[in-house]
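Encoded as structure tokens, the structure appears first; notes follow it.
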Amino acid sequence: MSDGSALAGPDGALRCPWALSTEDYVSYHDEEWGRPVHGDDALFERLSLEAFQSGLSWITILRRRPGFRAAFAGFRIEKVAAFTDDDRERLLADAGIIRNRAKIDATLANARVLAGWAQGELDELIWSHAPDPAGRPAPRTLADVPAVTPESTALSKALKKRGLKFVGPTTAYALMQACGLVDDHLAACVSRTGPHAR
């Protein structure tokens, strides 16, 4: 049984233990998770997918991500903001995504809110909550990785104040981890120490 420390993967390199449960996770961990994401549409996609993930495992969302992208017009804010009631009904019937009415409605409502923002405003707001990396020691085990931080709580409040939904502190922290605002790869993980380290 793992104590939450980095584990050797199929190639012998040490990785965060969660990354080794499926092949899909290995590539997501190595190539995406924790790497900086910028751009309003890209961050809208991550914010939306983290909201859909609430209460589910991330692998469920990751495996459906192509379906989500097809259903939500590549998460282009302007396009999703223009979705009609017919689009909503289409989404509720789409087996390629998670057909959760509240989460679908929140995604459409968020797009309509964000469509009124200036270009780059979502990117700027989210990244303004990135903590100083010097103040965060590298986690040694999964037990050292928080689920919520003061920064994620502040980001959640800022997003909610601007009218966004399904952006609680835990969802906000998952976004911060996935989009590289924080580096929660374990100290011994190849993504932190190896050739692909940032």
Side-chain angles (χ1 to χ4, degrees), residues 9-10 15-117 119 121-123 125-126 147 152 155-156 159-160 162-181 184-185 191:
R15 287 181 176 81
C16 302
W18 62 264
L20 301 176
S21 56
T22 76
E23 282 184 26
D24 293 338
Y25 267 167
V26 174
S27 58
Y28 174 69
H29 168 274
D30 288 2
E31 296 162 22
E32 292 188 64
W33 192 75
R35 296 184 185 278
V37 173
H38 284 284
D40 293 344
D41 290 344
L43 288 165
F44 171 58
E45 174 181 329
R46 298 299 187 97
L47 199 59
S48 301
L49 292 179
E50 293 294 352
F52 273 100
Q53 186 267 331
S54 179
L56 302 168
S57 69
W58 177 246
I59 196 68
T60 303
I61 304 302
L62 190 60
R63 288 180 172 156
R64 284 181 168 83
R65 187 163 61 172
F68 273 107
R69 286 173 171 168
F72 284 96
F75 288 98
R76 291 189 295 282
I77 291 167
E78 293 286 341
K79 289 198 173 245
V80 180
F83 276 16
T84 63
D85 285 343
D86 286 344
D87 288 305
R88 181 174 176 272
E89 293 307 312
R90 169 182 60 77
L91 292 166
L92 287 167
D94 190 337
I97 65 170
I98 304 297
R99 292 174 288 184
N100 178 299
R101 187 180 300 272
K103 293 175 182 180
I104 288 170
D105 286 347
T107 303
L108 301 183
N110 287 347
R112 288 192 282 272
V113 168
L114 292 171
W117 291 22
Q119 188 171 351
E121 197 170 348
L122 178 62
D123 189 306
L125 175 65
I126 289 174
S152 79
L155 174 58
S156 169
L159 291 169
K160 286 179 178 175
R162 298 290 303 273
L164 298 185
K165 301 176 173 16
F166 262 96
V167 287
T170 305
T171 296
Y173 192 65
L175 176 82
M176 293 171 79
Q177 290 175 303
C179 296
L181 280 79
D184 276 343
H185 285 287
S191 287

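- Leu175 CG to Leu181 CG: the interatomic distance, rounded to the nearest 0.5 Å, is 7.0 Å.
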### Task
Dump the intermediate steps for salt bridge (Lys or Arg N to Asp or Glu O under 4.0 Å) on Arg99 and Asp94, then the final yes or no.
CA-CA 7 Å; Arg99 292 174 288 184; Asp94 190 337; over 6 Å; no

### Task
Could you walk me through whether Glu50 and Lys103 pass the salt bridge (Lys or Arg N to Asp or Glu O under 4.0 Å) test, one step at a time?
CA-CA 10 Å; Glu50 293 294 352; Lys103 293 175 182 180; over 6 Å; no

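- Between Thr22 and Val26, the closest side-chain pair of non-hydrogen atoms is not below 4.5 Å.
- Using a 4.5 Å cut-off on side-chain heavy atoms (C-beta onward), Phe52 and Thr60 make no contact.
- For Arg35 (side chain) and Asp30 (main-chain N/O), a donor-acceptor pair under 3.5 Å exists by modelled atom type.
- Here the OG1 atom belonging to Thr107 is positioned 8.5 Å from the CG atom belonging to Leu47, to the nearest 0.5 angstrom.
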### Task
I would like to know whether Val37 and Glu45 meet side-chain contact (heavy atoms from CB on, under 4.5 Å); could you show each step before the answer?
CA-CA 11 Å; Val37 173; Glu45 174 181 329; over 6 Å; no

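- The aromatic ring centres of Trp33 and Trp58 sit 6.0 Å or more apart.
- Expressed to the nearest 0.5 Å, how far CG of Leu125 lies from CG of Leu164 amounts to 8.5 Å.
- To the nearest 0.5 Å, atom CD1 of residue Ile126 and atom CG of residue Leu43 are 4.5 Å apart.
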### Task
Show the numbers, then the answer: is there a side-chain contact (heavy atoms from CB on, under 4.5 Å) between Thr170 and Ser152?
CA-CA 7 Å; Thr170 305; Ser152 79; over 6 Å; no

Mind listing the side-chain donor-acceptor pairs of residues 70-85 below 3.5 Å, one per line with the distance, residues two or more places apart or on another chain?
| residue | atom | partner | partner atom | Å |
| --- | --- | --- | --- | --- |
| Arg76 | NH1 | Ala73 | O | 3.3 |
| Thr84 | OG1 | Asp86 | N | 3.3 |
| Thr84 | OG1 | Asp87 | N | 3.3 |
| Thr84 | OG1 | Asp87 | OD2 | 3.2 |

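- Counting heavy atoms from C-beta outward, Phe166 and Thr171 have side chains that stay 4.5 Å or more apart.
- Taking both residues in full, the closest heavy atoms of Ala102 and Asn100 are given as N-OD1, 3.1 Å, listed atom of the first, atom of the second, then distance.
- Across all their heavy atoms, Phe44 and Ala111 have their closest contact at CZ-CB, 3.7 Å.
- The shortest distance between side-chain heavy atoms of Leu108 and Leu91 falls below 4.5 Å.
- Under the side-chain contact (heavy atoms from CB on, under 4.5 Å) criterion, Ala109 pairs with Arg112, Lys165, not counting sequence neighbours.
- Here Arg46 pairs with Glu32 under the side chain to side chain donor-acceptor pair (under 3.5 Å) rule; sequence neighbours left out.
- Not one N or O on the side chain of Asp184 forms a donor-acceptor pair closer than 3.5 Å with the backbone of Gln177.
- In this structure, Glu23 places its CD atom where only 12 or fewer heavy-atom neighbours from other residues, nucleotides or ligands lie under 6.0 Å away.
- When side chains are defined from C-beta on, His185 counts as touching His29, because their heavy atoms get closer than 4.5 Å.
- Looking only at side-chain heavy atoms (C-beta outward), Gln53 and Leu49 stay at 4.5 Å or farther from each other.
- Two residues are said to be in side-chain contact when any heavy atoms from C-beta on lie closer than 4.5 Å; Arg64 and Ile98 meet this criterion.
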### Message
Let's go through Trp117 and Asp40 carefully: what are the C-alpha distance in whole Å and the side-chain angles of both, what is the deciding distance for side-chain contact (heavy atoms from CB on, under 4.5 Å) to 0.1 Å, and is it a yes or a no?
### Response
CA-CA 10 Å; Trp117 291 22; Asp40 293 344; over 6 Å; no

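- Distance OG/Ser57 to CH2/Trp18: 12.0 Å, rounded to 0.5 Å.
- Judged by distance alone, with hydrogens and angles left aside, the side-chain atoms of Ser156 form a donor-acceptor pair with the main-chain N or O of Val167 at under 3.5 Å.
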